[in-house]
Amino acid sequence: MRVRASTNYIHTVIDGVKRFIVCLQNKRCSYGQFQLDELPCPHALAALRHRSESYENYCSPYYTRERLLQTYEIPVDPLPDKSKWNVPQYIAEEVVMPPTGKRQPGRPQK
């Protein structure tokens, strides 16, 4: 990928024949993955490499070791065997359809 800086935080990243705009200050990329996953996408990583800057400051705090440990500090009791579940009839009769395979709005297809 080739990177061209427009300002300190805005970069054009050329990936093959496609161009993407990365704004490091707002943690956004025109590809859409950076702001959705709250992790630098390949285009943002290319811009960060161009600036010789580390990616850690551009990740959501939810991906830190501390947050991971906080996730599991509350004990979670395992479910009993399925035969012992007490499921109300109106829930048991609920029909849930599988996903259709269509892409979600706002998320680019890969």
Side-chain angles (χ1 to χ4, degrees):
M1 286 188 233
R2 292 181 310 168
V3 179
R4 294 191 179 138
S6 299
T7 68
N8 279 343
Y9 291 101
I10 298 176
H11 297 75
T12 300
V13 179
I14 302 163
D15 184 2
V17 297
K18 295 183 179 180
R19 294 174 187 261
F20 300 93
I21 306 300
V22 175
C23 179
L24 296 173
Q25 187 174 29
N26 296 334
K27 300 179 183 178
R28 298 183 67 79
C29 175
S30 58
Y31 182 63
Q33 187 177 350
F34 192 5
Q35 55 271 28
L36 184 67
D37 294 339
E38 296 186 39
L39 285 171
C41 65
H43 313 107
L45 290 173
L48 289 166
R49 273 193 303 272
H50 184 263
R51 289 173 47 105
S52 300
E53 197 170 335
S54 176
Y55 68 90
E56 284 94 349
N57 294 331
Y58 294 89
C59 298
S60 169
Y62 292 112
Y63 296 106
T64 63
R65 182 179 185 279
E66 293 77 23
R67 289 289 176 95
L68 177 67
L69 293 173
Q70 287 174 354
T71 300
Y72 296 102
E73 71 184 10
I74 299 171
V76 177
D77 296 326
L79 287 172
D81 183 69
K82 190 174 182 178
S83 63
K84 296 180 181 178
W85 291 2
N86 182 14
V87 180
Q89 189 64 31
Y90 73 95
I91 296 291
E93 293 172 353
E94 185 75 30
V95 176
V96 179
M97 301 300 290
T100 62
K102 294 180 183 177
R103 72 179 192 91
Q104 296 173 350
R107 176 129 186 168
Q109 275 191 316
K110 296 181 181 179

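Keep in mind the model is a prediction, meaning the values are calculated, not measured.
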Checking H50 against M1 for the side chain to side chain contact (heavy atoms under 4.5 Å, CB included) test, could you report, in this order, the C-alpha distance in whole Å, the side-chain angles of both residues, the deciding distance, and whether it holds?
CA-CA 10 Å; H50 184 263; M1 286 188 233; over 6 Å; no
Any heavy-atom pair between the side chains of K18 and H43 that's under 4.5 Å?
no
Taken to the nearest 0.5 Å, the spacing of L24 CG from H11 NE2 works out to 6.0 Å
Sub-4.5 Å side-chain heavy-atom contact between Q33 and P42:
yes
Mind checking whether Y62 and L36 sit in one hydrophobic cluster, side chains of I, L, V, M, F, W, Y counted as touching below 4.5 Å?
no
Determine the minimum heavy-atom distance between C29 and F34, stating which atoms define it.
CB-CB, 3.9 Å
Using the rule given for side chain to side chain contact (heavy atoms under 4.5 Å, CB included), can you reason through V22 versus I10, listing the C-alpha separation, both sets of side-chain angles and the distance that settles it, and then say yes or no?
CA-CA 6 Å; V22 175; I10 298 176; over 6 Å; no
Is there a donor-acceptor pair closer than 3.5 Å between any side-chain N or O of D81 and the backbone N or O of S83?
yes
Check whether more than 12 heavy atoms from other residues, nucleotides or ligands sit under 6.0 Å from atom OH of Y63, and answer yes or no.
yes
From E66 CD over to T71 OG1, what is the distance, rounded to the nearest 0.5 angstrom?
11.5 Å
NZ (K27) and OG (S60) are apart, to the nearest 0.5 Å, by 7.5 Å
Distance col, row Y58:OH vs Q25:CD, nearest 0.5 angstrom, shows 8.5 Å
Starting at SG of C23, measure out to OH of Y9 and round the result to the nearest 0.5 Å.
9.5 Å
Return the CG to CD distance between L68 and E73, rounded to the nearest 0.5 Å.
11.0 Å
Near R67 CZ, under 6.0 Å, is it more than 12 heavy atoms from other residues, nucleotides or ligands?
yes
Going only through I, L, V, M, F, W and Y residues with side-chain contacts under 4.5 Å, is there a path from L48 to V3?
yes
When every non-hydrogen atom of P40 is compared with those of L45, the smallest separation belongs to CB-CD2, 3.7 Å
Where is the tightest heavy-atom contact between A92 and V87, given as atom of each residue plus distance?
N-CG1, 3.9 Å
